[in-house]
Amino acid sequence: MDYNYTIIRSKRRTMALQIKDGELIVRAPQRMPLYEIEQFIASKRGWIEKTLRASRETVANRESFKLAYGDEISFRGYNIEIAAETEDDDRDDHRLHIPPGLSSEQLREACIHILKAAAQDYLPELTMEIAKSQGLMPVTVKVTSAKTRWGSYDRRRTICLSWCLIMAPDDVIDYVIMHELAHLREMNHSEDFWSIVAATIPDYPVRKKRLDELGLRLERERWE
C-alpha cells in the first residue's frame with residue numbers, strides 16, 4: 001500500500017475506516033489479526049484513495065487560506081466586507097468593522113468572536129419562535145462550538161446549534177432548527193421524522209444540499 005494508516009483498537013465488533021485531515025484511521029476490534037485489517041483496507045482501496053485525495057486537498061486549502069481586510073465573509077447568507085474600523089465609521093453600513101493592523105490569524109479570530117456573539121443573540125430566540133409556532137418546545141437552546149454537527153438534540157429536550165450556522169442563509173437556518181425540533185416527536189430519522197420536517201419545510205432536500213455545500217466551504221476556510 002502506498003499510504004500510511006493508524007489503527008485504533010477498541011471493544012467493537014466490526015472494522016471501520018475514517019479519513020481525518022488527510023490521514024487514514026482504521027478502527028478495529030481488540031483482537032483482530034493484522035492480516036484481516038490489511039485485507040479490509042485493500043477491499044476499500046478505491047474509496048480510500050478518492051477520499052484521501054479530497055481530504056488532502058481540503059487540508060492544503062485550509063493551510064493556504066488567509067483572511068485580509070476587504071475580504072467578504074458570509075453572515076446569514078449575505079456577503080459582508082471585513083473593514084478596518086476608523087473613528088468616523090458608520091456602523092450601519094453592513095460591513096464588519098475590525099480593529100486595523102491585525103494579522104490574518106488575528107483577523108479570523110476577531111471575526112469568529114463577532115459571529116459567535118451574533119449567533120448567541122439570534123439563534124436561541126429564533127429557535128423558540130419557530131418552536132412556539134410548531135408546538136414543539138425544547139427545554140433549553142444552546143449555541144456551541146461544535147465542529148461536526150450543525151445541530152443536535154438530546155432526551156433532556158436540549159437543542160444545541162453550532163455558532164457557524166449564523167453564516168448560513170436564513171431559510172437554511174430555519175431548516176436546521178426545524179430538523180432539531182422534529183426530534184422532540186421522533187428521535188430517529190424515520191419516515192415519520194422527515195414527514196414532520198416536510199410539513200413545515202417541503203423543500204428541505206434543497207436546503208440540506210445548500211447546507212452541505214456551505215459546510216464544505218467553511219471547512220476549507222477554517223471557520224469551524
Side-chain angles (χ1 to χ4, degrees), residues 16-21 44 46-55 57-59 61-62 65 72-80 115-116 118-120 122-224:
L17 301 179
Q18 177 186 13
I19 291 178
K20 182 178 180 181
D21 296 332
K44 304 295 183 180
W47 177 87
I48 291 171
E49 292 182 348
K50 178 182 177 181
T51 310
L52 273 177
R53 282 195 300 271
S55 180
E57 181 179 347
T58 296
V59 170
N61 289 335
R62 284 165 58 98
F65 178 74
E72 293 182 334
I73 65 172
S74 180
F75 178 76
R76 291 177 58 186
Y78 295 95
N79 289 327
I80 56 174
L115 291 172
K116 281 185 175 180
Q120 188 64 60
Y122 181 70
L123 296 178
E125 182 178 353
L126 177 63
T127 301
M128 296 308 288
E129 288 179 4
I130 295 175
K132 185 176 180 180
S133 71
Q134 298 299 315
L136 298 169
M137 295 300 293
V139 172
T140 308
V141 180
K142 298 179 180 180
V143 176
T144 72
S145 295
K147 295 183 178 181
T148 58
R149 291 184 179 183
W150 293 104
S152 62
Y153 168 79
D154 64 32
R155 294 187 181 277
R156 294 170 295 183
R157 301 177 69 83
T158 296
I159 287 177
C160 294
L161 300 170
S162 169
W163 70 265
C164 292
L165 192 58
I166 200 68
M167 302 177 82
D170 283 350
D171 63 336
V172 175
I173 294 175
D174 291 347
Y175 157 68
V176 174
I177 290 173
M178 191 59 219
H179 180 116
E180 300 310 328
L181 288 173
H183 282 305
L184 272 73
R185 289 185 183 163
E186 293 289 335
M187 282 296 294
N188 56 22
H189 292 101
S190 63
E191 289 187 12
D192 288 341
F193 169 86
W194 289 113
S195 294
I196 295 170
V197 176
T200 304
I201 305 178
D203 67 337
Y204 77 84
V206 176
R207 301 192 196 189
K208 182 180 183 301
K209 181 179 179 181
R210 290 164 58 205
L211 181 69
D212 292 340
E213 291 170 349
L214 175 65
L216 292 174
R217 172 187 164 187
L218 298 188
E219 184 180 3
R220 289 194 302 269
E221 297 179 359
R222 297 196 304 133
W223 287 111
E224 81 289 352

>> By the salt bridge (charged side-chain N to carboxylate O under 4.0 Å, His left out) test, which pairs, at least two apart or in different chains, include something from residues 184-203?
In response: Asp203-Arg207
> Hey, is CD on Glu125 packed in by over 12 heavy atoms from elsewhere, all under 6.0 Å?
Replying inline: no
> Closest heavy-atom contact between Ala118 and Phe75?
Replying inline: CB-CE1, 3.7 Å
> With a cut-off of 6.0 Å (strictly less than), are more than 12 heavy atoms of other residues, nucleotides or ligands near CZ of Arg149?
Replying inline: no
> Would you find a donor on one side and an acceptor on the other, under 3.5 Å apart, between the side chain of Thr158 and the backbone of Asp154?
Replying inline: no
> Can you tell if the side chain of His179 reaches within under 4.5 Å of the side chain of Tyr153, non-hydrogen atoms only?
Replying inline: no
>> Quick check: do Glu180 and Tyr175 have side-chain heavy atoms less than 4.5 Å from each other?
In response: no
> Shortest non-hydrogen contact from Ile48 to Ile19?
Replying inline: O-CD1, 3.7 Å
>> Rounded at 0.5 Å granularity, tell me how far CD in Glu219 sits from OG in Ser55.
In response: 7.5 Å
> Roughly how far, to the nearest 0.5 Å, is OG of Ser74 from CG of Asn79?
Replying inline: 6.0 Å
> Looking at CD1 of Ile173 and CG of Leu126, how far apart are the two atoms once the value is rounded to the nearest 0.5 Å?
Replying inline: 7.0 Å
> Relative to the ring of His183, is the ring of His189 parallel (under 30°), tilted (30 to 60°) or perpendicular (over 60°)?
Replying inline: perpendicular
> What pairs of residues pass the salt bridge (charged side-chain N to carboxylate O under 4.0 Å, His left out) test when at least one of them lies in residues 164-179, not counting sequence neighbours?
Replying inline: Arg76-Asp170, Asp171-Arg210
> Would Leu123 and Val141 count as a side chain to side chain contact (heavy atoms under 4.5 Å, CB included) if you check the C-alpha gap in whole Å, the side-chain angles of each, and the deciding distance to 0.1 Å?
Replying inline: CA-CA 8 Å; Leu123 296 178; Val141 180; 5.9 Å; no
>> Would Ile196 and Leu181 count as a side chain to side chain contact (heavy atoms under 4.5 Å, CB included) here? Give the steps.
In response: CA-CA 9 Å; Ile196 295 170; Leu181 288 173; over 6 Å; no
Taking only distance into account, with no hydrogens and no angle test, what donor-acceptor pairs under 3.5 Å do side-chain atoms of residues 133-140 form with protein atoms, sequence neighbours excluded?
{"residue": "Ser133", "atom": "OG", "partner": "Ile130", "partner atom": "O", "Å": "2.7"}
{"residue": "Gln134", "atom": "OE1", "partner": "Thr200", "partner atom": "OG1", "Å": "3.0"}

> CD1/Ile177 to CE/Met128 distance, rounded to the nearest 0.5 angstrom?
Replying inline: 11.0 Å
> If you round to the nearest 0.5 Å, how far is NZ of Lys142 from CD of Gln120?
Replying inline: 11.0 Å
> Would you say Tyr122 and Val143 make side-chain contact, with heavy atoms under 4.5 Å?
Replying inline: no
>> To check you understand the geometry: which heavy-atom pair defines the closest contact between Pro202 and Pro205, and what is its length?
In response: O-CD, 3.9 Å
>> side chain to side chain contact (heavy atoms under 4.5 Å, CB included) for Trp150 and Leu214? Distances and angles first, verdict last.
In response: CA-CA 11 Å; Trp150 293 104; Leu214 175 65; 3.9 Å; yes
>> How long is the straight-line distance from SG of Cys164 back to NZ of Lys116, given to the nearest 0.5 Å?
In response: 8.5 Å
